[in-house]
Amino acid sequence: MLCRKLFQLLVPKEKYDKSHVILEVTAGRTTGGDICQQFTKEMFEMYQNYADYKRWTFDVLNYTPAEIGGLHHAAAHISGDDVYRHLKYEGGTHRVQRIPETGLSSRMQRIHTGTMSVIVLPQPEEVDVKVDPRDLRVDTFRSKGAGGQHVNKTDSAVRIVHLPTGLVVECQQERSQLKNKEIALQMLRAKLYQQIIEKQLSQEQSARKLQLGTRAQSERIRTYNFTQDRVTDHRIAHDARNIKEILSGKEELDKLINRLLEFAEMEALAEYLENLQSVEGGGC
């Protein structure tokens, strides 16, 4: 424990670690089934349970269910202590391998592979990004998610397209179209701010440091193999057992996330010491 605290004191702090986040999940595509949508739903619920486990606040901003009971896309605002620090390495492509519960593949015991992606956007309390209203296209539509009586009765949901960048955000959390527009604008500013952050991080990033979080969104970071009851994190070559416990979003997921944090801190410390040595060597 003392060693870990020493590492944390020595490693330079990341600027956004204490920030709240906007977390988005999106189902990938696969041939022959709905495992991507089902897995995306399970992952979103896992992060919701993890927020509850960490005593954070989890506010759903957008929820687009699939017709077969899964989930196409969802977004949530998560606030609390050190949220970005714990979730920053969840960003990327998550792969699932499982036998579908229904259909021909289930009867033949055929394993299907699918993917879903996670994006984690840090949201500092003050996000000062100017957005010109002339650069926006605002559309309204009817909410699709499960919820109150207003769903599918009024065009309260809002979609905003930022024309210069092509960024698209949606919000259908509130009954009020005005409130949904306000939240969607907040999400848009966070995404625009994220582009600034990514530029800063890429400039600071070295070749040997872990390619984690928002710096490598297209990378496959983790595989959930249901037939072998194994979760593999490819970045640290670590296997964890008991998928159900991990997907429950409690202690086992927290252990996996903390293992990632420890590994990243060790890498950062090694880089810091190397840079220190090179500076001292140059001085001599």
Side-chain angles (χ1 to χ4, degrees), residues 14-29 36 40 44 47 59-65 71-79 83-84 87-94 115-145 154-205 211-221:
E14 285 206 25
K15 187 175 178 181
Y16 310 103
D17 273 1
K18 292 186 177 297
S19 297
H20 304 163
V21 308
I22 289 177
L23 180 139
E24 294 188 15
V25 299
T26 305
R29 295 180 180 178
C36 291
T40 303
F44 192 63
Y47 291 123
D59 294 317
V60 177
L61 301 177
N62 183 35
Y63 194 93
T64 308
L71 179 63
H72 283 300
H73 173 265
H77 180 270
I78 309 174
S79 56
V83 179
Y84 184 65
L87 295 181
K88 60 186 174 182
Y89 298 143
E90 293 302 295
T93 299
H94 297 245
T115 61
M116 59 82 65
S117 62
V118 177
I119 295 176
V120 181
L121 306 174
Q123 193 179 34
E125 291 183 12
E126 295 297 328
V127 178
D128 186 20
V129 177
K130 303 294 182 186
V131 178
D132 190 337
R134 292 173 296 182
D135 291 337
L136 304 178
R137 189 182 80 228
V138 181
D139 302 319
T140 58
F141 60 98
R142 293 185 180 182
S143 298
K144 301 171 192 161
T154 59
D155 292 341
S156 60
V158 173
R159 179 186 298 111
I160 297 178
V161 181
H162 187 247
L163 300 174
T165 60
L167 286 172
V168 180
V169 292
E170 292 181 1
C171 184
Q172 52 182 319
Q173 177 191 15
E174 304 290 340
R175 297 188 179 208
S176 162
Q177 186 184 113
L178 193 63
K179 286 184 180 178
N180 281 331
K181 184 179 178 183
E182 187 179 318
I183 294 170
L185 281 170
Q186 183 185 14
M187 293 170 68
L188 177 63
R189 281 193 290 269
K191 286 195 172 188
L192 291 170
Y193 192 64
Q194 177 69 6
Q195 292 182 345
I196 298 170
I197 292 171
E198 284 182 350
K199 190 174 180 182
Q200 292 174 351
L201 291 174
S202 65
Q203 289 170 351
E204 297 168 3
Q205 187 82 3
Q211 295 294 310
L212 296 169
T214 56
R215 273 94 65 171
Q217 291 292 350
S218 62
E219 293 294 321
R220 184 192 68 199
I221 63 169

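In what follows, every heavy atom counts, from backbone to side chain, and hydrogens, waters and symmetry copies are set aside.
- Put simply, OH on Tyr193 and OH on Tyr16 are 4.5 Å apart, with the number rounded to the nearest 0.5 Å.
- The shortest distance between side-chain heavy atoms of Thr26 and Thr40 does not fall below 4.5 Å.
- Under 3.5 Å, the side chains of Asn180 and Glu174 contain no donor-acceptor pair of N or O atoms.
- Between Arg137 and Asp139 the shortest side-chain heavy-atom distance falls below 4.5 Å.
- Under the 4.0 Å criterion applied to side-chain N and carboxylate O atoms, Asp132 and Lys130 are not assigned as salt-bridge partners.
- Contact of the Arg159 side chain with the Val169 side chain is not registered, since no non-hydrogen atoms from C-beta on lie closer than 4.5 Å.
- Note that CD1 of Ile183 and CG of Leu178 are 10.5 Å apart. Values are rounded to the nearest 0.5 Å.
- When every heavy atom of Val120 is checked against every heavy atom of Leu87, the shortest pair comes out as CG2-O, 3.4 Å.
- Shown are Thr115, Val25, Val118; of these, the side-chain contact (heavy atoms from CB on, under 4.5 Å) with His94 is made only by Val118.
- Here the CD atom belonging to Glu24 is positioned 10.0 Å from the CZ atom belonging to Phe44, to the nearest 0.5 angstrom.
- With rounding to the nearest 0.5 angstrom, the NZ atom of Lys181 is 11.0 Å from the OG atom of Ser176.
- Put simply, the side chain of Leu121 reaches to within 4.5 Å of the side chain of Lys191, judged on heavy atoms.
- Shortest non-hydrogen contact noted between Ser156 and Arg175 is CB-O, 3.2 Å.
- For the atom pair Ile22 CD1 and Leu61 CG, the distance stands at 6.0 Å (nearest 0.5 Å).
- Checked by atom type and distance alone, the side chain of Gln172 pairs as donor or acceptor with a backbone atom of Tyr63 at under 3.5 Å.
- When all heavy atoms of Lys88 and Asp17 are compared, the pair lying nearest together is NZ-OD1, 2.8 Å.
- Residues Gly28 and Cys36 come closest through the heavy atom pair O-CB, 3.4 Å.
- Of the N and O atoms on the side chains of Asn62 and His73, at least one donor lies less than 3.5 Å from an acceptor on the other residue.
- Annotation: the span from Cys171 atom SG to Gln186 atom CD amounts to 9.0 Å, rounded to 0.5 Å.
- Using a 4.5 Å heavy-atom threshold, the side chains of Thr140 and Gln177 count as touching.
- Counting heavy atoms from C-beta outward, Ile221 and Thr93 have side chains that stay 4.5 Å or more apart.
- Two residues are said to be in side-chain contact when any heavy atoms from C-beta on lie closer than 4.5 Å; Phe141 and Glu170 meet this criterion.
- For the pair Val131/Leu136, a side-chain contact is recorded, criterion being any heavy-atom separation below 4.5 Å from C-beta on.
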